[in-house]
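Have a look at the structure below, then the notes.
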Amino acid sequence: MASLLAAAGVTALAGTAEAAGTLGAAAAEKGRYFGAAVAANHLGEAPYASTLNTEFNSVTPENEMKWDAVEGTRNSFTYGAADQIVSHAQSRGMKVRGHTLVWHSQLPGWVGGLAAADLRTAMNNHITQVMQHYKGKIHSWDVVNEAFQDGSSGARRSSPFQDKLGNGFIEEAFRTARAADPAAKLCYNDYNTDGVNAKSNAVYNLVRDFKARGVPIDCVGFQSHFNSASPVPGDYRANLQRFADLGVDVQITELDIEGSGTAQASSYTNVVNACLGVSRCTGITVWGVTDKYSWRASGTPLLFDNNYNKKAAYNAVLTALGGTGSGGGGGGASCTVSYSRTDDWSDRYNGRVTVTAGGSAISTWTVAVTVTSPQKVSTTWNGTPSWDSSGNVMTMRPNGNGSVAAGASTSFGFTVMKNGNSSAPSVGSCSAS
Ligand code: G3I
């Protein structure tokens with residue numbers, strides 16, 4: 001079953017990406033990157049890799065560069081999984097964000113057991129060794145992650161670094177990092193700092209102080225993990241801008257938004273628009289490729305569903321980025337497609353393809369759907385099909401009036417007789433005019 005899904009995912013994605021534009025390409029046209037957090041152990045899954053490779057132009061190792069992964073034993077560095085991600089990215093021209101050097105979590109036990117002087121040596125050695133290993137390969141490093149408490153105190157979070165080295169540990173980490181790889185952008189990264197609040201004020205004061213005193217810092221990462229209890233703040237863009245005004249880049253580093261459908265899509269639109277509205281917002285990273293492997297999978301917070309279908313949120317992001325349709329020029333007629341299996345029986349299944357217009361209204365559209373022989377399409381609805389000579393490739397056009405307003409959707413459906421093969425169809429490029 002897994003391999004059937006995998007095979008289906010690959011073919012479905014190849015076609016859609018080609019004509020609809022991709023997140024990475026659309027972001028690049030805006031002078032930004034669009035990245036995903038990646039886990040090395042999923043790179044061998046064909047639709048995971050093909051979605052990553054097609055859509056994203058930056059990666060962040062989700063766990064593989066953390067202290068426990070690279071230096072579980074003191075001064076014994078293990079880079080296997082992280083190297084795998086870096087070489088996957090480099091061979092495809094993707095950027096890499098480094099995550100993360102100094103963090104209270106995923107810290108091996110030996111670190112917490114050190115006395116202050118030894119801890120200082122260990123922290124600086126860790127930063128130096130890891131950054132030198134990846135020198136020249138990482139565009140931005142999360143040097144220090146999550147050093148402030150939640151809530152109204154604006155205080156530092158307790159950690160071995162804070163408790164034993166005091167407030168100066170952050171400055172020391174950044175100075176060490178600058179010496180280790182002078183070309184890498186050095187970021188402070190945190191969550192619940194996305195709007196103006198006590199925690200973001202504390203980070204703001206830290207950055208302002210660093211800039212005033214010449215402590216090296218180049219960027220601030222806003223993790224942006226959102227859900228109904230913690231929605232995209234109304235002052236998100238203003239908050240990004242006030243940091244940018246301090247003279248640092250800002251990056252959206254771990255974006256995910258729990259929810260579904262149009263509500264989720266519109267929250268994603270707001271995030272993308274906020275970044276595009278701040279000239280120093282240099283890129284967006286979503287915290288995973290597919291809902292299937294999200295750290296909070298039950299909240300379906302990402303842009304691709306469990307079967308690597310593009311969600312409404314994907315279309316919203318691509319549209320907000322000014323993503324292009326078949327013409328490639330931007331601003332013209334464009335559409336994207338998503339596919340889902342709506343019913344499943346032992347001998348047949350029903351599929352639905354949703355066509356979503358891009359940033360302009362479209363007057364007509366065309367989508368190719370290919371089934372795998374000996375499968376046959378037995379029925380269709382809400383569309384006018386035509387067939388190639390093999391009978392496996394169905395080109396679907398609107399029934400009558402094909403007008404779809406900007407950002408709006410229409411869908412058609414069909415029944416596939418399995419004839420022993422349950423795999424999903426390949427849903428190809430959507431073209432619009
Ligand atoms: O790899 C092991 C596996 O061998 C073992 O069987 C399994 C059993 O628990 O654990 C697996 O490791 C898990 C790892 O994710 C990989 O899946 C860890 O237990 C689990 O703690 C770890 O969670 C990660 C979490 O950071 C740790 O704090 C999440 O994947 C990762 O998405 C999350 O990312 C953080 C950012 O680094 C910082 N900001 C918040 C963000 C979300 O929590």
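Between H99 and W287, the ring centre distance stays below 6.0 Å. Ring centroids of Y236 and F226 are separated by less than 6.0 Å, placing the two rings close together. Aromatic pair W141/F174: centroids not less than 6.0 angstrom apart. Within the 6.0 Å centre-distance limit, the rings of F243 and F222 are counted as a close aromatic pair.
To the nearest 0.5 Å, atoms OG1 (T370) and CG (N392) are separated by 7.5 Å. Atom-to-atom distance recorded for E55:CD and L23:CG is 4.5 Å, nearest 0.5 angstrom. A distance of 9.5 Å separates CZ in R348 from NZ in K418, rounded to the nearest 0.5 Å. Rounded to the nearest 0.5 angstrom, N189 CG and T100 OG1 are separated by 6.5 Å. In this structure, OH on Y314 lies 11.5 Å from OG1 on T356, to the nearest 0.5 angstrom. Atoms NZ and CD1, on K95 and I138 in that order, are 12.0 Å from each other to the nearest 0.5 Å.
Side-chain N/O atoms of N306 and D291 include no donor and acceptor closer than 3.5 Å. A donor-acceptor pair shorter than 3.5 Å cannot be found between the side chains of W67 and Q106. Side chains of N192 and Q223: a donor-acceptor N/O pair is absent below 3.5 angstrom, by distance only. Donor-acceptor pairing under 3.5 Å is lacking for the side chains of Q149 and R157. Under the 3.5 Å distance criterion, with hydrogens and angles disregarded, a donor-acceptor pair is assigned to the side chains of N350 and T415. Side chains of D190 and Y188: a donor-acceptor N/O pair is present below 3.5 angstrom, by distance only. Residues S140 and Q251 have side chains that bring a donor and an acceptor to within less than 3.5 angstrom of each other. No side-chain N or O of T354 forms a donor-acceptor pair with one of S411 less than 3.5 Å apart. Checking S338 against N309 by side-chain atom types alone, no donor-acceptor pair falls below 3.5 Å. Looking only at atom types and distance, the side chain of Q264 has no donor-acceptor partner in the side chain of E258 under 3.5 Å away.
Both tests hold for R341 against Y349: distance to the six-membered ring centre under 6.0 Å, angle to the ring axis within 45°. Seen from the ring of Y191, K199 counts as a face-on cation partner, given the 6.0 Å and 45° thresholds.
The ring pair (Phe, Tyr, Trp, His ring centres under 6.0 Å) pairs that include a residue from residues 376-399 number zero, where partners must be two or more places apart or lie in different chains.
In plain terms, the two heavy atoms of G72 and P108 that are nearest each other are O-CB, 3.7 Å. The two residues V404 and S409 have their closest heavy-atom pair at CG1-N, 3.9 Å. Across all non-hydrogen atoms, the minimal contact from A320 to L276 is O-CD1, 3.2 Å. Residue L101 comes nearest to V143 through the heavy atom pair CB-O, 3.5 Å, listed as atom of the first residue, atom of the second, then distance. In plain terms, the two heavy atoms of A198 and G151 that are nearest each other are CB-O, 3.6 Å. Taking both residues in full, the closest heavy atoms of A313 and L302 are given as CB-O, 4.5 Å, listed atom of the first, atom of the second, then distance.
For the pair D83/H88, no side-chain contact is recorded, criterion being any heavy-atom separation below 4.5 Å from C-beta on. Using a 4.5 Å heavy-atom cutoff, the side chains of V59 and I85 are in contact.
D249 and R280 are joined by a salt bridge, as a carboxylate oxygen and a charged side-chain nitrogen come within less than 4.0 angstrom of each other. By the 4.0 Å N-to-carboxylate-O rule, K292 lies close enough to E45 to be salt-bridged with it.
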Worksheet item: Does the side-chain contact (heavy atoms from CB on, under 4.5 Å) test come out yes or no for V271 and L255, once each step is laid out?
Response: CA-CA 9 Å; V271 171; L255 176 63; 3.7 Å; yes
Fill in: Audit row: D235, R242, salt bridge (Lys or Arg N to Asp or Glu O under 4.0 Å) steps and yes/no
CA-CA 11 Å; D235 56 4; R242 72 170 176 151; over 6 Å; no
Fill in: Derivation of the side-chain contact (heavy atoms from CB on, under 4.5 Å) call for V96 and K137
CA-CA 7 Å; V96 183; K137 298 181 177 176; 5.9 Å; no
Discussion item. What verdict does the side-chain contact (heavy atoms from CB on, under 4.5 Å) test give for V367 and F412, after you've listed the backbone C-alpha separation in whole Å, the side-chain angles of each residue and the deciding distance to 0.1 Å?
Written reply: CA-CA 10 Å; V367 178; F412 63 85; 4.2 Å; yes
Practice prompt. Just do the side-chain contact (heavy atoms from CB on, under 4.5 Å) check on V248 and I217 with the steps written out, would you?
Written response: CA-CA 7 Å; V248 288; I217 184 166; 4.3 Å; yes
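By the 30° and 60° cut-offs, the orientation of the rings of H225 relative to W295 is perpendicular. Below 30°, between 30° and 60°, or above 60°: for Y48 and Y308 the angle between ring planes is above 60°, a perpendicular geometry. The aromatic rings of Y79 and Y134 lie perpendicular to each other, with more than 60° between the two planes, well past the 30° mark.
Among P398, S431, S386, the single residue meeting the side-chain contact (heavy atoms from CB on, under 4.5 Å) criterion with T366 is S431.
Although no hydrogens or angles enter the test, the distance criterion places a donor-acceptor pair under 3.5 Å between the side chain of S200 and the main chain of G195. With hydrogens and angles ignored, the 3.5 Å screen pairs no side-chain donor or acceptor of D142 with any backbone N or O of V144. E64 places a side-chain N or O within 3.5 Å of a backbone atom of E62 that can act as its donor or acceptor partner.
Heavy-atom contacts from other residues, nucleotides or ligands closer than 6.0 Å to CZ of R32 number more than 12.
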